[in-house]
Structure formats: C-alpha cells, structure tokens
Amino acid sequence: MSRDFEFKQLLRAYRGGIISQSTFEAEMTWLEAGAPTTNGNDSAGFKAFGRTYKSERAAVVSFLDKVRAGEANGGEAFAAWAEVCTTDCIRTGIRIVAEREAYHARIFAQRLAELGGETRAMATEDGRKFTAYLGNPSIPDNEKLLRFTARVGKPEDVIKPICEFAELLKEDLSTKEALRLFAEDELSTAKWIWDSCAALNAPKQQPSASTTM
C-alpha cells in the first residue's frame, strides 16, 4: 500500500474515534520515519492503520482492545446524556444508542478473551471530557447533536475504517463478520444522529403575511 493510502486509513481511524490523538500522532511519526509497506504474508507482517503488526491476529487483538474501550466509553457517554435529555423525541433513541455502544464493548471484550488478548486500552482523556459534556444538563440537546456530528464526521466516513480493516482479514472470519455487523450498527447510529441534528437545528419558519393579518 502507498504512504498516501496508509495516511488516509490512519486519519479515518482517528476521526472515527478508533484511536486517540496521542496514538494518531505516534503512528504518524512512525509512518513518516519510513515503515515497510509489504503486506500479506507472515514474514512481512500484517499492514493495517498505517503500521505493521506481527500477524493478522496481533492486529485484530489491538483493534478489538481499542474499540472495546471506545465503545464502553460511548455507552457511558450516551447513558449520561439520556439521564439529562429534555427533548422527548430523541430521549429513547439516545438510550438505544447507549445500549448499542455498551453491548459492542461486551462482545469485543469476549472476542478479545477468546483470542487470548488482554484488555489494556482505557478511555482517553478526550473521551472522558466528552462524556462529561454529554452529561451536562445545562447544555441543550440540539447543541450536543451539533457537537457530536462535527466530532465524528459523516456517517459513511465513520464506518469506512471498520470496513477497510474487515476487508483485510483473511484468517479470522469470526471477527471479520462481527465487524460487518458492527459497521452496520455504527452507520445506523450515525445516520439517526445526523437526521436528529438536522431536525432539531432546522431554521424556524417565519409566519407568512396572510397568517399575521
């Protein structure tokens, strides 16, 4: 893969919340230093997200651990939002999103254990701050929606790193299929949030002249 392609994968992972800013910066430094670009066999390692892993399994373990931590944090963040949500039409939807994030974390933790991996990744400082933001009762729901959409980007961009990584997997078909379903969940969540954001932040219609007379 070209350096440009590797950079785009890394950037998508960062924008999608899969890796933290510090990890992104470290990986960029590693990439700029000149990493080997061969992928596809054990001797060359396994290329994903702009770096080389010892094997496909090593890449999967690293990915699952990071996503598990991110989804657990997401579950807490949306649960905190649901507790203070004052907009009736989205409150139940926020609760559903919280449950989705939480069950993703549980499933990925289980798969990680099946592969003999360890749960090392933790919620980032940025993630903790965003949880506090969503749980702040003084911030209107429509502003939270605007902040969230700006943070994660377009729905299709959210799932692109997940789909690209899944396509690379040739041995771990169990994780490959799980990631396909995970991507569908994330796409559904992102689309719903974007639609809700558009609806709650639509310009207020002014009454026509005929209705004011």
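All heavy atoms count here, side chains included; hydrogens, waters and symmetry mates do not.
- In summary, Arg68 and Asp65 engage in a salt bridge, as defined by a charged side-chain N under 4.0 Å from a carboxylate O.
- Relative to the six-membered ring of Tyr53, Arg51 meets both conditions, a distance below 6.0 Å and an angle of at most 45° to the axis.
- Considering only heavy atoms from C-beta on, Glu171 stays 4.5 Å or farther from Arg57 through its side chain.
- For Arg111, the side-chain hydrogen bond (donor to acceptor under 3.5 Å, both in side chains) partners at least two apart in sequence or on another chain are Glu114, Asp172, Thr175.
- Ser196 places a side-chain N or O within donor-acceptor distance of the main-chain N or O of Trp192, the cut-off being under 3.5 Å.
- In this structure, a donor-acceptor pair under 3.5 Å is present between the side chains of Ser188 and Arg100.
- Taking CG of Leu64 as the reference point, atom CG of Leu179 lies at 6.5 Å (rounded to 0.5 Å).
- Connection of Trp194 to Phe130 is not established within any shared hydrophobic cluster, with ILVMFWY side chains joined at heavy-atom distances below 4.5 Å, either directly or through further cluster members.
- For the atom pair CD1 of Ile159 and CG of Asp185, the computed distance is 11.0 Å after rounding to the nearest 0.5 Å.
- Looking at heavy atoms from C-beta onward, Tyr133 lies in side-chain contact with Lys144 at the 4.5 angstrom threshold.
- Proximity of Val67 to His104: side-chain heavy atoms (C-beta onward) are nowhere separated by under 4.5 Å.
- Residues Phe46 and Leu169 approach most closely at CZ-CD2, 4.1 Å, considering heavy atoms.
- Side-chain atoms of Glu186 do not come within 3.5 Å of backbone N or O of Val158 as any donor-acceptor pair.
- Thr87 is not listed as a side-chain neighbour of Pro140, based on a closest heavy-atom distance of 4.5 Å or more.
- Between the side chain of Asn73 and the backbone N or O of Ala123 there is no donor-acceptor pair closer than 3.5 Å.
- Take Phe148 and apply the ring-ring contact (aromatic ring centres under 6.0 Å, His included) test, not counting sequence neighbours, and it matches Phe78.
- In the hydrophobic cluster analysis, where Ile, Leu, Val, Met, Phe, Trp and Tyr join through side-chain heavy atoms closer than 4.5 angstrom, Ile139 is grouped together with Leu134.
- Of the possible polar contacts, none joining the Arg95 side chain to the Ala79 backbone as a donor-acceptor pair under 3.5 Å is found.
- Other residues, nucleotides and ligands contribute over 12 non-hydrogen atoms within 6.0 Å of the CZ atom of Arg128.
- Residues Ile193 and Thr189 meet the side-chain proximity criterion, which asks for heavy atoms closer than 4.5 Å.
- For Phe182 and Phe108, the gap between ring centers is short of 6.0 Å.
- Ile107 and Leu112 fall into different hydrophobic clusters, where Ile, Leu, Val, Met, Phe, Trp and Tyr are joined by side-chain heavy atoms under 4.5 Å apart, directly or via other members.
- Residues Cys197 and Asn142 have side chains not in contact (no heavy-atom distance under 4.5 Å, counting atoms from C-beta outward).
- Residues Ile94 and Val97 are not in side-chain contact: their nearest non-hydrogen atoms beyond the backbone lie 4.5 Å or more apart.
- In this structure, Leu181 and Glu177 have side chains that are not in contact, with every pair of non-hydrogen atoms separated by 4.5 Å or more.
- Judged purely by atom type and a 3.5 angstrom limit, Trp81 has no side-chain atom pairing as donor or acceptor with the backbone of Thr131.
- Using a 4.0 Å cut-off between a side-chain N of Lys or Arg and a carboxylate O of Asp or Glu, Lys154 and Glu156 do not qualify as a salt bridge.
- The closest side-chain donor-acceptor pair between Thr124 and Asp126, if any, does not fall under 3.5 angstrom.
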